[in-house]
Structures are given as C-alpha cells and as structure tokens.
Amino acid sequence: PPDPKRFRHYYQGDLESAMREESRRFFAHLLDNNLDVARFLDADFTFLNQRLAQHYGISGVVGQQVRKVSFGPDVPRGGLLTMGSILKVTADGFDTSPIRRGAWVSKNIAGNTLSPPPEEVKAIEPEHGKEAAALREQIEEHKTNPACYACHKSIDPYGFALENFDATGQWRTQYRIKRPHRGTFTY
C-alpha cells in the first residue's frame with residue numbers, strides 16, 4: 001500500500017475500494033457487452049465515483065455511486081493500465097520505477113517471460129544532488145550492456161509510458177522532492 005506519510009490524500013475517503021470496484025466493473029462491462037479485447041488497453045470510459053474521479057482529476061462526477069464515465073482524448077486514462085488499482089500494484093508504496101512497471105506489464109499483460117537480471121549487474125537506484133543523471137539517462141547507460149538490453153528493449157517502453165502516474169495512480173507532471181526519512185526505509 002502507498003506510504004501514509006507521503007500519500008495522505010490516498011487515505012481520505014474510501015479510495016482503495018473505489019479503485020477495486022472500477023477494475024471489476026470495467027472488466028464485467030467489457031465481457032457483458034462483448035467489446036473488443038483492445039478496449040482492455042485503450043478505452044474512452046471507466047467506472048468512477050466522486051472520490052475516485054477527484055483522485056484522477058476528472059470533474060463532473062458527484063456522489064458515492066460508481067457509474068460509467070466517458071472522457072475525451074485530453075484525459076490521460078483509458079483501459080486497465082491507467083487504473084489506480086493496477087498502477088498501485090506496480091509501485092512499491094513509496095515511488096515508481098519504469099523498470100518495475102515495465103516488467104510487470106511485459107510479463108502479466110504482454111505475456112513475455114523475462115529472465116532475472118544477471119547477478120553481476122547492479123540495480124539502478126535514482127541519483128540525487130545537483131550532478132544527478134536523470135533516471136532515463138541512467139537506464140540508457142545501463143542498456144549498453146547487451147545482457148541488459150535483451151530485457152530492457154521489451155520492458156522500458158511500457159514502463160516509461162506509465163511514468164507520469166505516481167504510486168497511487170494519480171497523474172503527475174513532476175516527481176516529488178525526495179527528503180530523508182527517519183524511519184526504516186531510505187526515503
């Protein structure tokens with residue numbers, strides 16, 4: 001679950017329940033109406049109540065009843081991959097990783113089997129400070145190793161496509177500022 005200190009807004013109202021209901025209703029709607037399987041990945045509608053619509057930044061939804069809501073091309077949502085329930089599962093509760101999300105989509109949606117990373121390859125950790133390289137630059141450098149490129153060519157496009165969503169599934173235009181955390185975790 002999302003860290004309650006970093007994502008206080010997530011715990012206001014019954015957001016998690018609404019996220020689960022969105023996914024259930026969406027899936028049932030596609031099956032009940034015999035819609036094209038492509039709609040799982042690209043749809044111009046979802047199922048929202050007021051709390052979830054506010055979380056997603058979609059206006060005009062009032063009340064606790066979950067209902068079908070259509071949206072235009074200006075809304076960065078559509079299909080299972082942009083639902084909070086999926087985006088939350090593909091994060092670690094503190095932050096997102098295009099590698100983690102990309103690997104999850106590649107394995108669970110695209111059906112690609114991935115080999116574990118070679119033992120001698122170090123995990124990519126975000127750099128901090130004035131001279132820090134952007135995560136995308138770090139991954140590009142990492143992919144110069146042919147053993148790493150073999151997997152990253154199939155996971156990075158999925159992961160970077162979802163990188164504008166935070167650990168709760170909310171749209172973001174920039175990352176939060178990382179501050180040291182005095183608990184058990186690094187941040």
Side-chain angles (χ1 to χ4, degrees), residues 1-115 151-173 175-176:
D3 175 51
K5 290 180 181 176
R6 287 190 77 186
F7 300 105
R8 286 186 184 100
H9 67 276
Y10 180 82
Y11 296 96
Q12 297 167 355
D14 199 5
L15 185 59
E16 193 165 307
S17 177
M19 286 179 177
R20 284 193 304 270
E21 189 63 21
E22 174 190 25
S23 299
R24 281 190 204 110
R25 294 257 185 116
F26 182 80
F27 188 80
H29 181 79
L30 293 180
L31 293 178
D32 292 346
N33 293 285
N34 197 29
L35 296 178
D36 190 309
V37 72
R39 292 286 186 107
F40 278 108
L41 299 177
D42 187 24
D44 60 355
F45 66 91
T46 194
F47 290 81
L48 306 172
N49 65 6
Q50 181 175 345
R51 176 67 183 97
L52 187 53
Q54 287 172 338
H55 184 71
Y56 287 172
I58 297 172
S59 59
V61 180
V62 179
Q64 292 308 305
Q65 178 188 356
V66 175
R67 86 255 4 201
K68 183 179 177 188
V69 176
S70 297
F71 41 76
D74 58 320
V75 175
R77 303 219 174 247
L80 287 172
L81 296 180
T82 60
M83 290 183 180
S85 60
I86 300 296
L87 294 163
K88 188 175 77 77
V89 167
T90 60
D92 68 3
F94 290 92
D95 214 345
T96 61
S97 161
I99 297 170
R100 181 181 298 112
R101 279 190 172 154
W104 188 91
V105 171
S106 186
K107 179 183 173 196
N108 295 296
I109 304 296
N112 298 327
T113 54
L114 300 172
S115 301
C151 286
H152 281 275
K153 70 179 180 183
S154 68
I155 64 176
D156 291 353
Y158 299 126
F160 281 116
L162 298 172
E163 196 54 15
N164 276 104
F165 295 100
D166 73 9
T168 67
Q170 210 168 31
W171 182 259
R172 65 180 172 204
T173 56
Y175 291 100
R176 289 174 173 250

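What you are looking at is a predicted structure, and each value in this text was computed from that prediction instead of being measured. Positions are given from 1 along the sequence.
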Nearest heavy atoms of Phe45 and Arg39, plus distance in Å = CE2-NH1, 3.1 Å

Side chain to side chain contact (heavy atoms under 4.5 Å, CB included) partners for Val61, two or more places apart = Ala53, Arg67, Val69

Apply side chain to side chain contact (heavy atoms under 4.5 Å, CB included) to Thr96 and Arg172, showing your working.
-> CA-CA 12 Å; Thr96 61; Arg172 65 180 172 204; 2.5 Å; yes

Stepwise side chain to side chain contact (heavy atoms under 4.5 Å, CB included) check, Phe7 with Phe94 | CA-CA 8 Å; Phe7 300 105; Phe94 290 92; 5.6 Å; no

Who passes salt bridge (charged side-chain N to carboxylate O under 4.0 Å, His left out) against Arg51, sequence neighbours left out?
-> none

Contacts satisfying side chain to side chain donor-acceptor pair (under 3.5 Å) that involve residues 68-84 (not counting sequence neighbours) are none

Leu80 and Leu41: CA distance, side-chain angles, deciding distance, side chain to side chain contact (heavy atoms under 4.5 Å, CB included) verdict = CA-CA 6 Å; Leu80 287 172; Leu41 299 177; 5.7 Å; no

Would you say the side chain of Leu87 lies within less than 4.5 Å of the side chain of Gln170, judging by non-hydrogen atoms?
-> no

Distance, nearest 0.5 Å, that separates OG1 of Thr46 from CZ of Arg25 = 11.0 Å

Results of side-chain hydrogen bond (donor to acceptor under 3.5 Å, both in side chains) for Gln54 - residues two or more places apart only | none

The side-chain hydrogen bond (donor to acceptor under 3.5 Å, both in side chains) partners of Gln50 (sequence neighbours excluded) come to none

Rounded to the nearest 0.5 Å, how far does OG1 of Thr168 lie from CZ of Arg8?
-> 14.0 Å

Hey, mind stepping through Ile58 and Leu48 against side chain to side chain contact (heavy atoms under 4.5 Å, CB included) and telling me if it holds?
-> CA-CA 9 Å; Ile58 297 172; Leu48 306 172; 3.8 Å; yes

By side-chain hydrogen bond (donor to acceptor under 3.5 Å, both in side chains), which residues pair with Arg20, not counting sequence neighbours?
-> Glu16

Pairs flagged by ring pair (Phe, Tyr, Trp, His ring centres under 6.0 Å) wherever residues 53-83 is involved - sequence neighbours left out = His9-His55

Can you find a pair of side-chain heavy atoms, one from Val105 and one from Leu162, that are under 4.5 Å apart?
-> yes

Looking only at heavy atoms, what is the nearest atom pair of Met83 and Ser23, with distance?
-> SD-OG, 3.6 Å

Between the side chain of Tyr10 and the main-chain N/O of Asp3, is any donor-acceptor distance below 3.5 Å?
-> no

The side chain to side chain contact (heavy atoms under 4.5 Å, CB included) partners of Asn33 (sequence neighbours excluded) come to His29, Leu35

Those residues that, when tested against Phe27, pass side chain to side chain contact (heavy atoms under 4.5 Å, CB included) (two or more places apart) | Leu31, Phe40

The reported gap from CD1 in Ile99 to OH in Tyr158 (rounded to nearest 0.5 angstrom) is 16.0 Å

Please round to the nearest 0.5 Å and tell me the distance separating atom CD1 of Ile86 and atom CZ of Phe165.
-> 12.5 Å

Taking only residues two or more places apart in sequence, or in another chain, which ones meet Ser154 in a side-chain hydrogen bond (donor to acceptor under 3.5 Å, both in side chains)?
-> none

Mind checking the CG-CG spacing from Asp14 to Leu52? Nearest 0.5 Å is all I need.
-> 10.5 Å

Donor-acceptor list for residues 106-113 side chains, cut-off 3.5 Å, not counting sequence neighbours:
| from | atom 1 | to | atom 2 | distance (Å) |
| --- | --- | --- | --- | --- |
| Ser106 | OG | Asn112 | ND2 | 3.1 |
| Asn108 | ND2 | Trp104 | O | 3.1 |

Quick one: salt bridge (charged side-chain N to carboxylate O under 4.0 Å, His left out) partners of Asp92, sequence neighbours excluded?
-> Arg100

